[in-house]
Amino acid sequence: MDTIYLIGEPGSGKTTLTKELQKDWAKVNMYDKPFKYQEYESPNLGKVLSLGWDRLHFSGTDTLGNTVITHMPEFYKYAEQEGATIYGEGDRLASRTFFDLAKRHGKLHLFYLDIDLDVAASRREARSAETGKTQNPSWARGRATKHRNLAALYEAIELPAELPPSEITQIMGDYLSYGKGNA
């Protein structure tokens, strides 16, 4: 079973990239029990269970509660029975606990959106102007460090965040289609 997970600091483009990646996926259903997730049918991956729900801003695992990790062992058993791939992005489940669980159940394909810190800060400022919500700069720096460290620890595939989303998803697709993986 495969888990595809996208990490990167706030403002790196995870939500934008996920929308690009999923644009050709057919949404089958949305669930809110035991937590929020969506079922898709992907032309290349088959059944995909995407963690969290779509929103304009702060999508993906940002829509999940802090205790979602407690549901993951059972969810992996369900996904295995369904023959599904699990997809996620964001900070909520970006942890050694989750990534180790994913590896115990199959192959972890971890992608890291690498972005210049000033560019990410500029994107967060623009998003703040649009949403009226501001992310604490100290918190954002902490997330950047956390994600860099996880990327190094799990040998994530680095993706250049300055490329257009369509080019980044092509890199991801090429990587996944060649059967490579960072397990």
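Separation of atoms CZ (Phe75) and CD (Glu82) is listed at 9.5 Å; rounding is to 0.5 Å. Separating the NZ atom in Lys27 from the OG atom in Ser50 is a distance of 8.5 Å, to the nearest 0.5 Å. In this structure, the separation between OH on Tyr37 and CG on Asn29 is 8.0 Å, given to the nearest 0.5 Å. With rounding to the nearest 0.5 angstrom, the CG atom of Leu110 is 10.0 Å from the NZ atom of Lys103. Rounding to the nearest 0.5 Å gives a distance of 10.5 Å between CG of Leu108 and CE of Met1. Rounded to the nearest 0.5 angstrom, His109 NE2 and Tyr175 OH are separated by 6.5 Å.
Between Thr169 and Lys23 there is no side-chain heavy-atom pair separated by less than 4.5 Å. Contact annotation: the side chain of Ile4 approaches that of Thr85 to within less than 4.5 Å [non-hydrogen atoms, C-beta and beyond]. Between Phe111 and Met172, the closest side-chain pair of non-hydrogen atoms falls below 4.5 Å. Between His105 and Thr3, every side-chain heavy-atom pair lies at or beyond the 4.5 Å cut-off. With contacts defined as side-chain heavy-atom distances shorter than 4.5 Å, the pair Leu51/Val68 does not qualify. At least one side-chain heavy atom of Leu93 sits less than 4.5 Å from a side-chain heavy atom of Met72. Contact check for Glu41 versus Val48: no side-chain heavy atoms found under the 4.5 Å cut-off. Between Asp2 and Ile86, the closest side-chain pair of non-hydrogen atoms is not below 4.5 Å.
Residues Tyr31 and Glu39 have side chains that bring a donor and an acceptor to within less than 3.5 angstrom of each other. No hydrogens or angles considered: nothing links the side chains of Ser42 and Tyr87 as a donor-acceptor pair under 3.5 Å.
Side-chain atoms of Ser122 do not come within 3.5 Å of backbone N or O of Asp118 as any donor-acceptor pair. Between the side chain of Lys14 and the backbone N or O of Gly8 there is at least one donor-acceptor pair closer than 3.5 Å.
Minimum heavy-atom separation, Ile7 to Gly90: CG2-O, 4.5 Å. Taking all atoms of both residues into account, the shortest heavy-atom contact from Gly52 to Gln38 is O-NE2, 3.4 Å. For the pair Pro165 and Thr16, the tightest heavy-atom approach, listed with the atom from each and the gap, is CG-CG2, 3.8 Å. Here the closest heavy-atom approach between residue Leu163 and residue Ile168 is recorded as O-CD1, 3.4 Å. For the pair Ser12 and Ala161, the tightest heavy-atom approach, listed with the atom from each and the gap, is O-CB, 3.6 Å. What you find for Pro10 and Ala140 is that their closest heavy atoms are CD-O, 4.1 Å.
Residue pairs that meet the salt bridge (Lys or Arg N to Asp or Glu O under 4.0 Å) test with at least one member in residues 65-79, sequence neighbours left out, are Glu74-Lys77. For residues 140-153, the salt bridge (Lys or Arg N to Asp or Glu O under 4.0 Å) pairs, not counting sequence neighbours, are Asp91-Arg143, Asp91-Lys146.
In this view, Ser166 and Glu20, Pro164 satisfy the side chain to side chain contact (heavy atoms under 4.5 Å, CB included) rule, not counting sequence neighbours. Residues passing the ring-ring contact (aromatic ring centres under 6.0 Å, His included) test with Tyr5, sequence neighbours excluded: Phe98, Phe99. Under the salt bridge (charged side-chain N to carboxylate O under 4.0 Å, His left out) criterion, Asp114 pairs with no residue at all, not counting sequence neighbours. Checked against ring-ring contact (aromatic ring centres under 6.0 Å, His included), Tyr78 has no partners two or more places apart in sequence or in another chain. Residues forming a salt bridge (charged side-chain N to carboxylate O under 4.0 Å, His left out) with Arg124 (at least two apart in sequence, or on another chain): Glu9. Among residues two or more places apart in sequence or in another chain, the salt bridge (charged side-chain N to carboxylate O under 4.0 Å, His left out) test is passed with Lys33 by none. For the side chain to side chain contact (heavy atoms under 4.5 Å, CB included) test, no residue two or more places apart in sequence or in another chain qualifies with Glu125. Residues satisfying the salt bridge (charged side-chain N to carboxylate O under 4.0 Å, His left out) test with Glu167, not counting sequence neighbours, are none.
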Which is it for Arg96 and Leu153 under the side-chain contact (heavy atoms from CB on, under 4.5 Å) test, yes or no, and what are the steps along the way?
CA-CA 9 Å; Arg96 292 176 62 169; Leu153 180 64; 3.8 Å; yes
Audit row: Thr145, Asn149, side-chain contact (heavy atoms from CB on, under 4.5 Å) steps and yes/no:
CA-CA 6 Å; Thr145 300; Asn149 290 342; 3.6 Å; yes
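When hydrophobic residues (I, L, V, M, F, W, Y) are linked wherever their side-chain heavy atoms come within less than 4.5 Å, Trp139 remains an isolated member. Val28 belongs to no multi-residue hydrophobic cluster, having no ILVMFWY side-chain contact under 4.5 Å with any other such residue.
There is no path of hydrophobic side-chain contacts, each under 4.5 Å, that joins Leu117 to Leu150. Linking Ile, Leu, Val, Met, Phe, Trp and Tyr whenever their side-chain heavy atoms come within less than 4.5 Å leaves Ile115 and Leu21 in two separate clusters.
Using bins of under 30°, 30° to 60° and over 60° for the plane-to-plane angle, the ring pair His71/Phe35 lands in the tilted bin.
In this structure, the ring of Tyr112 has its center no less than 6.0 angstrom from the ring center of Tyr154.
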